[in-house]
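Both counts, for ligands and for their atoms, begin at 1 and track the order of listing.
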Amino acid sequence: MRAARLYGAHDVRVDEVDMPAPGPGEALVRVRAVSICPSDWRLYVDGHAGGKEPDWPFVQGHEFAGDVVALGPGVAGPAPGTRVAVEPSWPCGSCDMCREGKHHICRHVRFASFPPHGGALAQYVVVPHDAVFPLPDALDYVAGALSEPLCVALHATKLAQLRPGESVALLGAGVIGVSTLQMALAEGVGPTVVIEPVAERRALPLELGAARVFASLDEAKAAGVEADVVFDCSGDIPALDQCIRLARPGGRIVVIGIPRCEEITFDIATARRHELTVTFSRRSFGLVEEGLALLASGALRLRDLPVERFTLDQTTDAMEMTGRPGRNLRAVVEP
Ligand SMILES: [Zn+2]
Ligand SMILES: [Zn+2]
């Protein structure tokens, strides 16, 4: 089979590799769509994650969907031929966090495309049998792949415990931003504003119900924006500091984005004086069925969002596009 393998910064090669075989408890999936996450792009440009290099060559890709083609010994289903979305987070099931039901912060979690565990930018991938979820008929493979960032937004929205009428501000109008926006509005929040520096991304949030969209924090502050709940969906390095400046006294901040560095500085004086609550959100777990149902029902507009499609041989182009955010919200590789 063919796999797109990263050999170091900016060096993706499509290689012929051995076909994986599903072991006990596993399923073999023919990958049909992999959407490229900004976290994939960071490893692609930096050649390391937090200073750590994976063992090269390394296969990336954790937002994916495909067809089950074979089951390992003792696995009852889903039947080969079933179209599935895949949960990329695979907890151990036995540590203290798993026992408390916090599988997403499992101490021994394996994650597709988080070193040392490889991902899905290949024609086939082996995954735990309980990580696959049948795709509703209404959803194509691209929507199945996008259910992963959607679940990240869903988890963060639940963490925020939004109350009807609360004002909300969001930094970033990528897939996570527009998903969080729609879920917040569905919770009955009050006026919701979005800050998005990329001009081509500023129309969609308005279509989806945002009250206003600003190009920068300064523009929003000049308009007097202040919010009960602020989400960072951008991962920009100054984002936490900007959230602190946007929150009302007593406000709450939920950080979803992953900055491209290990440490940041922020205005702790304002955060303390305003007694802000900051929650850091970590991936998601156990929400795929809920996310797929939201997508299939049309309650959440995501399956028609603008994406650009690439073949496996064009994985480098897909990575480069991810580093130049424009109107298309995701690059999707179809291996
Ligand atoms: Zn992702
Ligand atoms: Zn665990």
Side-chain angles (χ1 to χ4, degrees), residues 4 6 25 31 33-46 49-50 54 58-65 85-115 117-121 125 127-128 130-131 133 141-157 172-180 231-236 239 254-260 280-288 291-292 295 302 305 307 310 315 318-319 321-323 325 328-333:
L6 188 64
V31 183
V34 185
S35 66
I36 304 298
C37 179
S39 68
D40 295 318
W41 172 80
R42 278 193 291 272
L43 182 63
Y44 164 80
V45 286
D46 293 338
F58 185 71
V59 178
Q60 298 190 270
H62 61 268
E63 303 177 355
F64 61 106
V86 182
E87 171 126 60
S89 185
W90 307 329
C92 76
S94 55
C95 74
D96 53 343
M97 291 299 112
C98 286
R99 287 197 306 271
E100 288 172 30
K102 299 172 186 164
H103 296 85
H104 59 298
I105 45 175
C106 164
R107 294 180 189 273
H108 312 292
V109 70
R110 293 182 301 146
F111 191 82
S113 85
F114 187 81
H117 205 89
L121 275 168
V125 66
V127 301
D130 53 1
F133 296 87
Y141 296 112
V142 173
L146 290 177
S147 70
E148 198 277 339
L150 165 73
C151 287
V152 170
L154 188 54
H155 173 67
T157 311
V175 171
I176 303 241
V178 298
S179 301
T180 306
F231 290 92
D232 174 48
C233 309
S234 73
D236 290 341
V254 179
V255 179
I256 314 173
I258 307 172
R260 194 181 163 189
F280 294 94
S281 180
R282 167 73 161 166
R283 298 174 181 159
S284 72
F285 186 77
L287 298 175
V288 180
L292 290 174
L295 280 177
L302 196 61
L305 293 188
V307 299
F310 299 86
T315 299
M319 291 289 172
M321 190 209 113
T322 304
N328 288 318
L329 297 188
R330 275 285 198 266
V332 177
V333 175

Side-chain donor/acceptor of [X] to backbone N/O of [Y], under 3.5 Å:
{"X": "Arg282", "Y": "Ile105", "answer": "no"}
{"X": "Glu63", "Y": "Glu148", "answer": "no"}
{"X": "Asn328", "Y": "Arg330", "answer": "no"}

Metal site the Zn ion (ligand 2): N/O/S of Cys98 inside 2.8 Å: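 Under 2.8 Å: Cys98 contacts the Zn ion (ligand 2) through an N, O or S atom.
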Separation between NE2 of His104 and NE2 of His155, rounded to the nearest 0.5 Å: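 Nearest 0.5 Å value for the NE2-NE2 distance: 3.5 Å.
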Angle subtended at the Zn ion (ligand 2) by SG of Cys106 and SG of Cys95, nearest 10°: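 Rounding to the nearest 10 degrees gives 110°.
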Identify which protein N/O/S atoms are less than 2.8 Å from the Zn ion (ligand 1).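 Per the 2.8 Å query on the Zn ion (ligand 1), atoms found are Cys37 SG, His62 NE2, Glu63 OE2.
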Steps toward side chain to side chain contact (heavy atoms under 4.5 Å, CB included) verdict (Phe64, Val127): CA-CA 11 Å; Phe64 61 106; Val127 301; 4.1 Å; yes
Full working for side chain to side chain contact (heavy atoms under 4.5 Å, CB included) between Phe58 and Leu43: CA-CA 10 Å; Phe58 185 71; Leu43 182 63; 3.9 Å; yes
Is any side-chain heavy atom of Arg107 closer than 4.5 Å to a side-chain heavy atom of Cys92?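 No, every pair of side-chain atoms sits at 4.5 Å or beyond.
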